[in-house]
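Basis for what follows: all heavy atoms, side chains included, without hydrogens, waters or symmetry-related copies. Counting convention: from 1, in listed order, for ligands and their atoms alike.
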Amino acid sequence: MPATRDLLETPAPPTESRVTVQGDRFRRYLSADRIQERVAEMGATITRDYAHTTPILVSVLNGAFMYTADLMRAIDTDCEIDFIKLSSYGDAKVSSGEVHELKSVDADLEDRDVLIVEDIVDTGLSMEFMKGRLQEHNPASLRVATLLHKPTATEPDLTLDYVGFRIPDLFVIGYGLDYGQLARNLSDIYILDEE
Ligand code: IMP
């Protein structure tokens with residue numbers, strides 16, 4: 001039988017305002033509370049926009065797994081989920097400029113309302129590649145819900161339907177986003193500290 005104190009809710013441990021990953025320093029940029037607030041707003045908008053259909057969310061592995069779980073819970077209408085995986089940055093902070101599909105979707109997307117759920121749009125190359133790939137399945141509609149967008153780094157022609165936060169063109173980690181596979185488990189989002 002556990003002691004009563006073990007059954008009581010305990011507050012989450014305080015998070016650090018600065019972290020060092022792979023020798024680089026990052027400072028907290030978006031708190032977990034702020035992220036949750038914004039994801040809830042996005043979920044409410046998506047709920048309204050898809051009220052009369054059953055969208056299929058296509059989550060982009062690995063980085064979007066945490067955001068997808070929260071966004072999906074914030075959507076209050078029927079929806080489905082599938083996953084796609086593209087080649088990533090590897091251990092670098094700068095895109096190699098080459099995109100490959102490592103895992104394609106399993107679901108039949110023909111005539112479906114498809115919503116790509118992405119953690120971050122940087123140069124936009126991955127998103128352009130993915131939109132092209134998914135269009136080949138002849139979906140009824142294809143939209144994008146990205147948590148983060150670096151507008152100064154992205155091709156201006158790329159349409160992003162739902163954007164959580166517009167951020168500067170600096171490397172970010174946490175809340176699913178990694179640096180050399182590390183830091184995905186941080187609840188807050190941290191940005192490279194240039195000082
Ligand atoms: P893009 O093709 O340059 O738009 O980059 C898209 C992918 O690169 C994202 O799905 C992320 O996996 C990764 N990425 C881009 N910027 C960052 C960043 O600041 N931190 C972590 N990963 C990033």
Side-chain angles (χ1 to χ4, degrees), residues 15-32 34-35 38-39 42 57-72 81-105 114-135 142-195:
T15 56
E16 303 291 335
S17 61
R18 282 191 152 69
V19 294
T20 300
V21 180
Q22 314 243 57
D24 286 324
R25 283 171 60 79
F26 294 79
R27 66 184 161 81
R28 185 164 46 219
Y29 184 69
L30 294 168
S31 71
R34 182 69 191 105
I35 296 166
R38 184 69 187 119
V39 171
M42 294 174 81
L57 313 189
V58 173
S59 172
V60 187
L61 295 171
N62 291 337
F65 77 99
M66 220 177 258
Y67 162 54
T68 304
D70 288 338
L71 183 68
M72 198 171 182
I81 183 84
D82 202 345
F83 298 91
I84 192 169
K85 185 168 183 172
L86 304 182
S87 53
S88 73
Y89 279 22
D91 290 349
K93 292 202 293 284
V94 182
S95 171
S96 66
E98 274 189 41
V99 188
H100 305 280
E101 194 177 59
L102 301 177
K103 182 215 169 293
S104 52
V105 284
V114 175
L115 181 61
I116 302 174
V117 181
E118 173 66 298
D119 51 358
I120 185 163
V121 174
D122 185 341
T123 62
L125 285 174
S126 309
M127 187 52 72
E128 270 186 18
F129 173 87
M130 204 160 22
K131 279 182 141 183
R133 266 296 157 91
L134 295 177
Q135 279 296 3
L142 183 62
R143 290 188 189 158
V144 179
T146 186
L147 179 66
L148 304 173
H149 180 211
K150 297 180 186 172
T152 56
T154 313
E155 289 238 355
D157 294 348
L158 186 67
T159 304
L160 302 172
D161 305 276
Y162 307 95
V163 176
F165 301 95
R166 292 189 170 78
I167 66 167
D169 187 9
L170 287 174
F171 200 73
V172 287
I173 56 169
Y175 193 61
L177 290 144
D178 77 305
Y179 180 19
Q181 297 307 323
L182 297 176
R184 292 194 199 275
N185 54 325
L186 301 172
S187 308
D188 304 318
I189 290 178
Y190 292 79
I191 197 159
L192 191 66
D193 200 346
E194 290 187 298
E195 283 168 20

A.B. asks: Under 4.0 Å, heavy-atom basis, I'd like to know which part of Lys150 is in contact with ligand 1: side chain, backbone, both or neither.
C.D. replies: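 Within the 4.0 Å criterion, Lys150 contacts ligand 1 through side-chain atoms alone.
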
A.B. asks: Taking the side chain as everything from C-beta on, heavy atoms only, tell me whether Ile116 gets closer than 4.5 Å to Val60.
C.D. replies: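 Yes, side chains in contact.
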
A.B. asks: Identify, with sequence neighbours excluded, every residue that meets side chain to side chain donor-acceptor pair (under 3.5 Å) alongside Arg166.
C.D. replies: none

A.B. asks: Residue-level breakdown please: for Asp122 versus ligand 1, do any non-hydrogen atoms fall below 4.0 Å on the side chain, on the backbone, on both, or on neither?
C.D. replies: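 Both of them.
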
A.B. asks: Would you mind running through ligand 1 and noting each atom that sits below 4.0 Å from a heavy atom of Gly124?
C.D. replies: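 Selected atoms, number and element: 1 (P), 3 (O), 4 (O).
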
A.B. asks: Below 4.0 Å from ligand 1: does a non-hydrogen atom of Ile173 turn up there or not?
C.D. replies: no

A.B. asks: Among Ile35, Leu177, Asp122, which residue meets the side chain to side chain contact (heavy atoms under 4.5 Å, CB included) test with Leu148?
C.D. replies: Leu177

A.B. asks: Relative to the heavy atoms of Asp119, which atoms of ligand 1 are at a distance of less than 4.0 Å?
C.D. replies: 9 (C), 10 (O)

A.B. asks: Calculate, to the nearest 0.5 Å, the distance between atoms CD and NE2 belonging to Glu118 and His149 respectively.
C.D. replies: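 So the gap between those two atoms works out to 11.0 Å.
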
A.B. asks: Would you indicate whether Glu16, at its atom CD, is surrounded by more than 12 heavy atoms from other residues, nucleotides or ligands within a distance under 6.0 Å?
C.D. replies: no

A.B. asks: Check each atom of ligand 1 against the heavy atoms of Asp178 and keep those under 4.0 Å away; list them by number with element.
C.D. replies: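 Every atom of ligand 1 under 4.0 Å from some heavy atom of Asp178: 21 (C).
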
A.B. asks: Can you list the residues that meet the side-chain contact (heavy atoms from CB on, under 4.5 Å) rule with Arg27, with sequence neighbours excluded?
C.D. replies: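 Testing Arg27 for side-chain contact (heavy atoms from CB on, under 4.5 Å), a comparison that skips the adjacent residues, returns Arg18, Tyr29, Ile191, Asp193.
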
A.B. asks: Looking at Glu118, which atoms of ligand 1 are within less than 4.0 Å of one of its heavy atoms?
C.D. replies: 10 (O)

A.B. asks: What atoms in ligand 1 come closer than 4.0 Å to a heavy atom of Leu177?
C.D. replies: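 Every atom of ligand 1 under 4.0 Å from some heavy atom of Leu177: 21 (C), 22 (N).
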
